Amino acid sequence: MAQETDAYERAKSEIEQTFGTVPSWFASYPEHSLPQAWELFKSLKGPKNSISSKNTELIQLAVASQIPCVYCVYFHRLSAKQYGATDQEINEAIALGAETRHWSMVIQGSGISFDDFKSEFDAIMKYMEDKQK
């Protein structure tokens, strides 16, 4: 129990050092799971990532826009700007998320089998690859 309390207090302290406060979304997290949630948050946004911070935020903004989640849209839009995203990049990320949703609905709603889709798309990719040679 003491180890769990220490891990919780350590996580809270790191969160406060990072953000200047313990934001409500972290404060509302179950105490026994906060250390793991904080570690996941840090690792997905940390220096070992191969995706830049700006692109990470643009991806998360596109997903948040499709959920939709006004909290996440606000968070990731401002974070993307903080990491240098332009309004054009933000709008393109959102449009790409919408396009993915659009085609997902068309393909799935049309009842196209996944095996047929994979075969067709693999052939398309091969054609495009051969065309570039």
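Quick note: residue numbers are just sequence positions, from 1. Keep in mind that what you see is a predicted model, and the values were worked out from it rather than measured. Side chains are part of it too, since the values below use all heavy atoms of this structure and drop only hydrogens, waters and symmetry mates.
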| task | To the nearest 0.5 Å, tell me how far Y74 OH sits from S79 OG. | result | 10.0 Å

| note | Checking W25, F26, Y29 against W38 for ring-ring contact (aromatic ring centres under 6.0 Å, His included), the one that qualifies is F26

| said: With a 3.5 Å distance limit and no angle check, can you tell me whether S65 reaches the backbone of L61 through a side-chain donor-acceptor pair? | reply: yes

| task | Step by step, work out the side chain to side chain contact (heavy atoms under 4.5 Å, CB included) result for T56 and Q60. | result | CA-CA 6 Å; T56 297; Q60 291 184 288; 3.5 Å; yes

| field | In one Ile/Leu/Val/Met/Phe/Trp/Tyr side-chain cluster, 4.5 Å: V70, V63 | value | no

| Do K126 and D122 meet the salt-bridge criterion of a basic N to acidic O distance under 4.0 Å? | no

| Where do V22 and I15 come nearest, in terms of heavy atoms and distance? | CA-CG2, 4.0 Å

| message | Quick check on the hydrophobic clustering: are I90 and F75 connected, directly or via other members, by side-chain heavy-atom contacts under 4.5 Å? | response | no

| task | Kindly give the heavy-atom pair with the smallest separation between A62 and A93, and that separation in Å. | result | CB-O, 3.3 Å

| query | Are the charged groups of E57 and K45 less than 4.0 angstrom apart, N to O? | reply | yes

| remark: When rounded to the nearest 0.5 Å, the distance separating CG of L58 from CD1 of I51 is 11.0 Å

| query | Is I59 reachable from I94 through a run of hydrophobic residues whose side-chain heavy atoms are each under 4.5 Å from the next? | reply | no

| More than 12 foreign heavy atoms under 6.0 Å from CG of L40: is that the case here? | yes

| request: Drop me the distance from I107's CD1 to S113's OG, to the nearest 0.5 angstrom. | output: 11.5 Å

| Would you say M105 and F114 are hydrophobically clustered, going by side-chain heavy atoms of ILVMFWY under 4.5 Å? | no

| remark: The reported gap from NE2 in H76 to OH in Y83 (rounded to nearest 0.5 angstrom) is 11.0 Å

| Should we count CD of Q82 as having more than 12 external heavy atoms under 6.0 Å? | no

| request: Nearest 0.5 Å please: distance from the OG atom of S104 over to the NE2 atom of H102. | output: 10.5 Å

| request: Indicate yes or no for a side-chain donor-acceptor contact from S110 to the backbone of V106 under 3.5 Å, with no hydrogens or angles considered. | output: yes

| task | Could you give me the CA-CA distance, side-chain angles and deciding distance for K118 and D115, then say whether side chain to side chain contact (heavy atoms under 4.5 Å, CB included) is met? | result | CA-CA 5 Å; K118 288 191 315 183; D115 288 337; 3.9 Å; yes

| query | So do the side chains of E39 and K42 get within less than 4.5 Å of each other, counting heavy atoms only? | reply | yes

| request: Mind listing the closest non-hydrogen atom pair of T86 and E89 along with its distance? | output: N-OE1, 2.8 Å

| field | Y71 atom OH: more than 12 heavy-atom contacts under 6.0 Å | value | no

| request: Give, for atom CZ of R10 and atom OG1 of T5, the distance between the pair rounded to the nearest 0.5 Å. | output: 10.5 Å

| query | Got I124 and E120 here, is their nearest side-chain heavy-atom distance under 4.5 Å? | reply | yes

| Within a strict 4.5 Å, meaning less than it, do heavy atoms of the K81 and D87 side chains meet? | yes

| request: Could you note down all residue pairs passing salt bridge (Lys or Arg N to Asp or Glu O under 4.0 Å) where residues 90-101 supplies at least one of them, sequence neighbours left out? | output: none

